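No experiment lies behind these values; they were computed from the predicted model shown.
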Amino acid sequence: ADVTLVNGVPFPYLKVKRRKYFFRLLNASASRTFQLGLSREENSLTLADDALIVLGSDAGLLDKPAVIKAPKSLPMGVAERYGVVIDFAKFPANVKQVYLRDFGFSGNLGPTPQSLLRFDLQDDPVTDPCILPNDRLGILTLRQALIDRSVRTRTFRFGRGSQWTINGRGWEPNFVSADPGQGDIEIWTLINTGGWTHPVHIHLIDFQILDRNGLEPGEHERGWKDVVLLHDGEVVRVVARFAPHRGKYMMHCHNIVHEDHDMMTQFEVGKGGPSPLCDRAKPLP
């Protein structure tokens, strides 16, 4: 059977009080993309303004909470992380169970949609004023650093030929696809030329998404990230400062099947830094 595990458990449930809870979510699947939301029914979608309140992404807090209500969902590619708050005090007394559901993603193989986690609501509501939808969480934005500043741009095309490739090339241990200087700010354009969705992971740095197909990114992904979900035919621009370390680092699709079949490249920050391909780790004393 094709069953999604939560913390290693099939068909899990969690007893919760009727108050706010913070959850840290990680998509640890090999290839599956999730579209997450809340429902009061296990096998169907309810439209009752029940919200996932997103506070943080891969590498820190958002500028302000992003409220995800059905029929909208929170998309999560492989290796993406989000911090969310669920306020169980908002559910009426007659609601005893709430489900975290995968609304379904057309690019997946296997069953969709499905319930991933059941919450069993206990006790009376607890008033908890912290984490309100309009709170300012305070993010330092690199996007502002682009105003009146010229930065280098690069383009990477993620596609499929005889194998999964980046700019038409598979993994080559002696090939470096980008060479930003240590501390440089650059804009990278990531293009999915078709074949599947790619969760693109860039090592070393945290970046911010500038736009998707020329439009503002979703409110939930306007914070610091190190993985970006690149849909079929989509163009996403990201900006990053390549620091603090020198050396060679990876960029790859985090769909493990794609990564294992060559959708990986490396970039070098500065000159004379370490390379994981030729520097052996020293044994512990």
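Between Pro244 and Leu204, the shortest heavy-atom contact is CD-CD1, 4.5 Å. Counting all heavy atoms, side chain and backbone alike, Val54 lies closest to Leu62 at O-CD1, 3.5 Å. Scanning both residues, Met263 and Thr165, for their nearest heavy atoms gives CE-O, 3.3 Å. In terms of heavy-atom proximity, Val95 sits nearest to Leu121 at O-CD2, 3.7 Å. Of all non-hydrogen atoms in Ser73 and Pro75, the two that sit nearest each other are O-CD, 3.2 Å. Shown here for Gly37 and Leu52, the closest heavy-atom pair between the two residues is CA-CD1, 4.0 Å.
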Verdict with supporting geometry, Val227 and His201, side chain to side chain contact (heavy atoms under 4.5 Å, CB included): CA-CA 4 Å; Val227 181; His201 181 204; 3.9 Å; yes
Determine, step by step, whether Lys20 and Asp87 satisfy the salt bridge (Lys or Arg N to Asp or Glu O under 4.0 Å) criterion, reporting the C-alpha distance in whole Å, the side-chain angles of both residues, the deciding distance to 0.1 Å, and the verdict. CA-CA 4 Å; Lys20 292 185 177 75; Asp87 187 358; 3.7 Å; yes
In sequence, state the C-alpha distance, the side-chain angles, and the governing distance for Ile53 and Ile86, and then conclude on side chain to side chain contact (heavy atoms under 4.5 Å, CB included). CA-CA 6 Å; Ile53 304 174; Ile86 301 175; over 6 Å; no
Might you work through the side chain to side chain contact (heavy atoms under 4.5 Å, CB included) test for Leu36 and Val84, ending with a clear yes or no? CA-CA 11 Å; Leu36 300 180; Val84 304; over 6 Å; no
Between Arg81 and Asp226, does the side chain to side chain contact (heavy atoms under 4.5 Å, CB included) criterion hold? Intermediate values first, please. CA-CA 9 Å; Arg81 291 91 71 202; Asp226 56 39; 2.8 Å; yes
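With Asp206 contributing its side chain and Gly223 its backbone, the two residues share no donor-acceptor pair below 3.5 Å. Checking side-chain atoms of Asn27 against main-chain N and O of Gly77 turns up a donor-acceptor pair under 3.5 Å. With Gln266 contributing its side chain and Phe175 its backbone, the two residues share a donor-acceptor pair below 3.5 Å. Here the side chain of Ser57 pairs no donor or acceptor atom with the backbone of Tyr82 at under 3.5 angstrom. No donor-acceptor pair under 3.5 Å is formed between the side chain of Arg118 and the backbone N or O of Phe11. Arg18 places a side-chain N or O within donor-acceptor distance of the main-chain N or O of Pro92, the cut-off being under 3.5 Å. Of the possible donor and acceptor atoms, one in the side chain of Asp102 sits under 3.5 Å from a partner among the backbone N and O of Gln35. At least one donor-acceptor pair under 3.5 Å links the side chain of Asn108 to the backbone N or O of Thr33. Side-chain N or O atoms of Arg246 include one that pairs as donor or acceptor with a backbone N or O of Lys271 at under 3.5 Å. Proximity of a side-chain donor or acceptor of Asp211 to a complementary backbone N or O of Glu216 within less than 3.5 Å is not detected.
A distance of 15.5 Å separates CZ in Arg169 from CE in Met264, rounded to the nearest 0.5 Å. The line from CZ of Arg32 to CZ of Phe34 is 6.0 Å long, rounded to the nearest 0.5 Å. Here the CG atom belonging to Leu190 is positioned 5.5 Å from the CD1 atom belonging to Ile202, to the nearest 0.5 angstrom. For the atom pair CZ of Arg154 and CD of Glu186, the computed distance is 4.0 Å after rounding to the nearest 0.5 Å. With rounding to the nearest 0.5 Å, the separation of OG in Ser275 from CG in Asn174 is 9.0 Å. Expressed to the nearest 0.5 Å, how far CG of Leu45 lies from CZ of Arg101 amounts to 7.0 Å.
With contacts defined as side-chain heavy-atom distances shorter than 4.5 Å, the pair His198/Asn255 does not qualify. Residues Glu259 and Trp164 form no side-chain contact, since every pair of their non-hydrogen atoms from C-beta on lies 4.5 Å or further apart. Contact check for Val85 versus Leu55: side-chain heavy atoms found under the 4.5 Å cut-off. Within the 4.5 Å cutoff, no side-chain heavy atoms of His245 are placed close to those of Val269. Using a 4.5 Å cut-off on side-chain heavy atoms (C-beta onward), His254 and Glu80 make no contact. Using a 4.5 Å heavy-atom cutoff, the side chains of Pro180 and Arg152 are not in contact. Residues Leu74 and His220 are in side-chain contact: their nearest non-hydrogen atoms beyond the backbone lie under 4.5 Å apart. Side-chain contact between Gln163 and Trp171 is absent, with no heavy-atom pair separated by less than 4.5 Å.
Residues passing the side chain to side chain contact (heavy atoms under 4.5 Å, CB included) test with Lys17 are Arg19, Tyr21, Asp123, sequence neighbours excluded.
Residues Leu14 and Val98 share a hydrophobic cluster, clusters being chains of Ile/Leu/Val/Met/Phe/Trp/Tyr side chains in contact below 4.5 Å. Leu215 and Leu230 are assigned to two separate hydrophobic clusters, defined by single-linkage of ILVMFWY side chains at heavy-atom distances under 4.5 Å. Taken together through direct or relayed side-chain contacts under 4.5 Å among Ile, Leu, Val, Met, Phe, Trp and Tyr, Met76 and Ile68 form part of one hydrophobic cluster. Using a 4.5 Å cut-off between side-chain heavy atoms of Ile, Leu, Val, Met, Phe, Trp and Tyr, with links allowed through other members, Ile166 and Leu229 fall into different hydrophobic clusters. Note: the hydrophobic cluster containing Trp188 does not contain Ile191 (ILVMFWY, side chain heavy atoms under 4.5 Å, direct or indirect links).
Note on residues 36-47: pairs passing side-chain hydrogen bond (donor to acceptor under 3.5 Å, both in side chains), not counting sequence neighbours, are Ser39-Thr46, Arg40-Asp50.
Between Trp196 and His258, the ring planes are perpendicular. Angles over 60° get that label, and only those under 30° would be called parallel.
Within a 6.0 Å radius of CG in Asn213, more than 12 heavy atoms belonging to other residues, nucleotides or ligands are found. By the neighbour-count criterion of 12 heavy atoms within 6.0 Å, atom NE2 of His261 is sparsely surrounded, having that number or fewer from other residues, nucleotides or ligands.
Ring centroid separation for the pair His252 and His203 comes in under the 6.0 Å cut-off. Within the 6.0 Å centre-distance limit, the rings of Phe23 and Phe119 are counted as a close aromatic pair. Taking the ring centroids of Phe242 and Tyr249, they lie at or beyond the 6.0 Å cut-off.
For the side chain to side chain contact (heavy atoms under 4.5 Å, CB included) with Glu221, the lone residue among Val236, Ile209, Asp58 that qualifies is Ile209.
With respect to Glu219 and Lys64, no salt bridge is recorded, no charged nitrogen being found less than 4.0 Å from a carboxylate O.
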